[in-house]
*Asks:* 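Before I ask anything, let me first share the structure, which is written out below as structure tokens.
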Amino acid sequence: MAEVSIIVPVYNVEKYLSFCLDSLVNQTFKDIEIICVNDGSTDTSPVILEHYARLDKRIKIINKSNGGLSSARNAGMDAAGGKYLSFVDADDFVSHFLVEKARDFIKIGRADFVSFMFYSVIGKHLKMLKHYISFDKAIDGKVITETELPGRFYFEIHPTAWCKFYSSSLINENGLRFKENMIFEDLPFAAEVYLLAKRMVFTNMTPYFYRVLREGSILDKKDAKDLDLVKSFSYVDKIFKEHYKFEKYKNALMHFNMMLAVHDFSKINPEYREKFFYALKDYFSKFDFRAYDGKALEKSKNYRIISLILSCNYSAFCKAVKNYV
Ligand code: UDP
Ligand code: MG
């Protein structure tokens with residue numbers, strides 16, 4: 001049984017898959033299984049997978065009908081046998097030292113979760129942008145518990161499933177899986193992991209390369225699934241409340257959610273914008289903003305937009321922010 005399981009959900013990524021698999025088979029730490037879940041691809045991705053699996057026995061293929069990213073990752077988790085677990089999207093790629101470094105952090109620190117930083121890769125020419133936040137020295141690479149972290153910290157971690165490394169016991173003992181039939185599934189998963197992990201490492205190392213808004217990617221599609229964002233906000237709030245951590249993190253959660261809401265509002269398919277507007281109105285109207293850090297809200301451009309959403313109907317809002325949408 002391999003020590004590390006890497007789960008790769010695969011759906012119509014023929015242009016990028018070899019790049020991803022090359023980065024995985026060439027890891028400096030060799031005792032890995034690469035579980036590729038072909039989620040009903042209709043392009044040549046399955047042929048590429050078969051080719052790589054013939055060359056490298058550590059590659060395992062699971063074929064299933066299309067069920068979306070969450071269902072693919074969950075199928076991979078069900079099949080994973082490693083002591084440690086990581087997710088790499090099939091259109092992304094990683095540095096050859098990712099597993100070795102992650103394993104060192106987790107073993108030396110007796111941690112159950114490691115979170116890396118990443119580069120955003122834009123376009124064919126691999127233009128790279130570093131994530132905008134970096135951890136300060138007191139946190140970077142150190143083992144830390146959630147209680148040691150300030151409330152604002154949740155705003156600083158990037159709540160994706162990828163560019164992270166997990167002990168399988170953290171995942172399996174808590175029965176963690178991705179919520180199916182929705183996008184933004186990473187947000188509740190990341191919240192659970194963050195609150196359940198006993199010892200964590202956050203590092204500024206950047207061994208993950210994320211392809212931003214790839215043509216045909218989930219976040220590039222402008223469909224009704226964008227409305228899932230509001231659903232995911234409620235799931236995340238519920239998780240923080242269940243762990244009695246909502247009060248500590250509520251300001252960070254609010255700013256994070258406002259940022260995502262405003263960002264998505266500007267890019268959502270106009271066909272769904274009105275529905276999204278009312279879903280946001282409904283969600284944000286549940287909060288008493290007087291109980292939040294007023295100075296931070298005052299400075300926030302996102303809060304100004306959310307306040308307008310709360311005080312206007314859709315057509316008045318559109319008139320007020322004509323240049324925005
Ligand atoms: N994916 C999948 N099933 C789907 C859609 C996507 O398994 O129905 C995979 C896809 O191949 C990739 C990962 O899920 O490995 C993330 O998808 P995508 O790159 O489209 O998402 P984004 O980068 O926009 O978050
Ligand atoms: Mg992608």
Side-chain angles (χ1 to χ4, degrees), residues 7 9 11 13 37 39 66-77 87-92 115 118 120 131-133 154-164 166 171 176-196 208 210-214 216-243 245-246 249-250 252-269 271-284 286-287 302 305-306 309:
I7 295 168
Y11 178 68
V13 279
V37 184
D39 189 32
N66 183 248
L69 166 57
S70 293
S71 79
R73 282 191 184 140
N74 288 345
M77 288 160 95
F87 301 98
V88 177
D89 283 352
D91 53 334
D92 301 339
S115 178
F118 63 96
S120 295
H131 187 45
Y132 57 101
I133 280 167
Y154 190 73
F155 193 78
E156 297 180 3
I157 64 169
H158 196 75
T160 53
W162 45 260
C163 90
K164 315 277 191 291
Y166 313 81
I171 303 290
L176 297 186
R177 289 294 184 266
F178 292 90
K179 286 189 186 303
E180 299 194 10
N181 304 317
M182 67 177 284
I183 63 168
F184 303 105
E185 69 299 310
D186 283 18
L187 299 177
F189 185 83
E192 291 267 29
V193 166
Y194 178 69
L195 295 176
L196 286 165
Y208 195 97
Y210 170 67
R211 252 181 244 275
V212 186
L213 297 183
R214 167 182 65 82
S217 71
I218 296 171
L219 294 182
D220 183 49
K221 273 189 209 127
K222 296 188 186 321
D223 59 23
K225 290 223 171 93
D226 278 337
L227 299 167
D228 287 350
L229 182 65
V230 189
K231 233 200 277 180
S232 86
F233 290 166
S234 299
Y235 281 134
V236 171
D237 290 345
K238 188 163 165 269
I239 291 165
F240 274 83
K241 283 178 186 160
E242 280 167 2
H243 287 268
K245 293 287 178 184
F246 188 75
Y249 289 99
K250 69 177 188 185
L253 279 169
M254 180 56 78
H255 284 279
F256 190 67
N257 292 348
M258 291 193 307
M259 178 187 76
L260 289 180
V262 169
H263 175 261
D264 263 50
F265 198 85
S266 63
K267 72 168 210 42
I268 198 167
N269 183 331
E271 201 185 322
Y272 303 111
R273 198 169 272 146
E274 183 168 356
K275 216 168 165 197
F276 191 51
F277 173 91
Y278 284 107
L280 290 176
K281 196 179 181 68
D282 184 49
Y283 173 76
F284 285 105
K286 295 194 174 89
F287 298 92
N302 295 332
I305 293 172
I306 298 298
I309 290 179

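Owing to the predicted nature of the structure, the values given are computational and were not obtained by experimental measurement.
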*Asks:* Closest heavy-atom contact between Ser70 and Glu180?
*Replies:* CB-CA, 3.9 Å
*Asks:* Give a yes or no on whether the backbone of Arg177 and the side-chain of Asn74 come within a donor-acceptor separation of less than 3.5 Å.
*Replies:* no
*Asks:* I'd like to know whether Phe87 forms a ring pair (Phe, Tyr, Trp, His ring centres under 6.0 Å) with Phe178, so could you lay out the CA-CA distance, the side-chain angles of the two residues, the decisive distance to 0.1 Å, and finally the verdict.
*Replies:* CA-CA 12 Å; Phe87 301 98; Phe178 292 90; 5.3 Å; yes
*Asks:* Classify the ring geometry between Tyr166 and Phe189 as parallel (under 30°), tilted (30 to 60°) or perpendicular (over 60°).
*Replies:* perpendicular
*Asks:* Would you give the length of the straight line joining atom CZ of Phe184 to atom CE of Met182, rounded to the nearest 0.5 angstrom?
*Replies:* 8.5 Å
*Asks:* Atom CG in Leu227, atom OG in Ser232: separation rounded to 0.5 Å?
*Replies:* 11.5 Å
*Asks:* Are side-chain N/O atoms of Tyr11 and Asn66 paired as donor and acceptor at under 3.5 Å?
*Replies:* no
*Asks:* Is any side-chain heavy atom of Phe233 closer than 4.5 Å to a side-chain heavy atom of Tyr235?
*Replies:* no
*Asks:* Is it true that a side-chain atom of Arg73 and a backbone atom of Ile7 form a donor plus acceptor pair closer than 3.5 Å?
*Replies:* no
*Asks:* Between Asp92 and Arg211 (side chain of the first, backbone of the second, donor and acceptor by atom type, cut-off under 3.5 Å), is there such a pair?
*Replies:* yes
*Asks:* Check Leu280 against Ala261 and note the closest heavy-atom contact, atom names and distance.
*Replies:* CD2-CB, 3.6 Å
*Asks:* How long is the span from the CD1 atom in Ile306 to the CE atom in Met259, to the nearest 0.5 Å?
*Replies:* 12.0 Å
*Asks:* Is the positively charged end of Lys241 above the ring of Phe246, judged by distance under 6.0 angstrom from the centroid and angle within 45° of the axis?
*Replies:* yes
*Asks:* Locate the shortest heavy-atom distance separating Val13 from Ala90; write the atom from each residue and the value.
*Replies:* CG2-CB, 3.6 Å
*Asks:* Tell me yes or no: between the side chains of Thr160 and Lys164, is some donor less than 3.5 Å from an acceptor?
*Replies:* yes
*Asks:* Look at atom NZ of Lys275 and say whether more than 12 heavy atoms of other residues, nucleotides or ligands are closer to it than 6.0 Å.
*Replies:* no
*Asks:* Where is the tightest heavy-atom contact between Asp39 and Gly67, given as atom of each residue plus distance?
*Replies:* OD1-N, 2.8 Å
*Asks:* A side-chain contact here means heavy atoms from C-beta on lying under 4.5 Å apart; do Pro159 and Phe256 qualify?
*Replies:* yes
*Asks:* Search all heavy atoms of Pro9 against all heavy atoms of Asp89 and return the closest pair with its distance.
*Replies:* CG-OD1, 3.7 Å
*Asks:* Starting at CG of Leu253, measure out to CZ of Phe240 and round the result to the nearest 0.5 Å.
*Replies:* 4.5 Å
*Asks:* Rounded to the nearest 0.5 Å, what's the gap from NZ on Lys179 to CG on Asp186? Could you check?
*Replies:* 13.0 Å
*Asks:* For Phe287 and Lys250: C-alpha separation, side-chain torsions, deciding distance, then whether side-chain contact (heavy atoms from CB on, under 4.5 Å) applies.
*Replies:* CA-CA 10 Å; Phe287 298 92; Lys250 69 177 188 185; over 6 Å; no
*Asks:* Spell out, as yes or no, whether a donor-acceptor pair under 3.5 Å connects the side chain of Asn269 to the backbone of Glu271.
*Replies:* yes
*Asks:* Do Val230 and Phe276 make a side-chain contact, defined as non-hydrogen atoms from C-beta onward lying under 4.5 Å apart?
*Replies:* yes
*Asks:* Can you find a pair of side-chain heavy atoms, one from Asn181 and one from Asp228, that are under 4.5 Å apart?
*Replies:* no
*Asks:* Could you check whether Tyr283 and Asp237, counting side-chain N and O atoms only, form a donor-acceptor pair closer than 3.5 Å?
*Replies:* yes
*Asks:* For the atom pair CD1 (Ile183) and NZ (Lys231), what is the distance rounded to the nearest 0.5 Å?
*Replies:* 10.0 Å
*Asks:* Would you sort out whether Leu260 and Leu187 count as a side-chain contact (heavy atoms from CB on, under 4.5 Å), showing the intermediate values?
*Replies:* CA-CA 11 Å; Leu260 289 180; Leu187 299 177; 3.9 Å; yes
*Asks:* Step by step, would you call Phe277 with Arg273 a side-chain contact (heavy atoms from CB on, under 4.5 Å)?
*Replies:* CA-CA 6 Å; Phe277 173 91; Arg273 198 169 272 146; 5.7 Å; no
*Asks:* Just by distance, with hydrogens left out, do Tyr194 and Tyr249 show a side-chain donor and acceptor under 3.5 Å apart?
*Replies:* yes
*Asks:* Any idea which heavy atoms bring Ala75 and Val37 closest together, and the distance?
*Replies:* CB-CG1, 4.1 Å
*Asks:* Compare all side-chain heavy atoms of Ile305 with those of Met258 and state whether any distance is below 4.5 angstrom.
*Replies:* no
*Asks:* Would Glu185 and Leu69 count as a side-chain contact (heavy atoms from CB on, under 4.5 Å) if you check the C-alpha gap in whole Å, the side-chain angles of each, and the deciding distance to 0.1 Å?
*Replies:* CA-CA 9 Å; Glu185 69 299 310; Leu69 166 57; 3.5 Å; yes
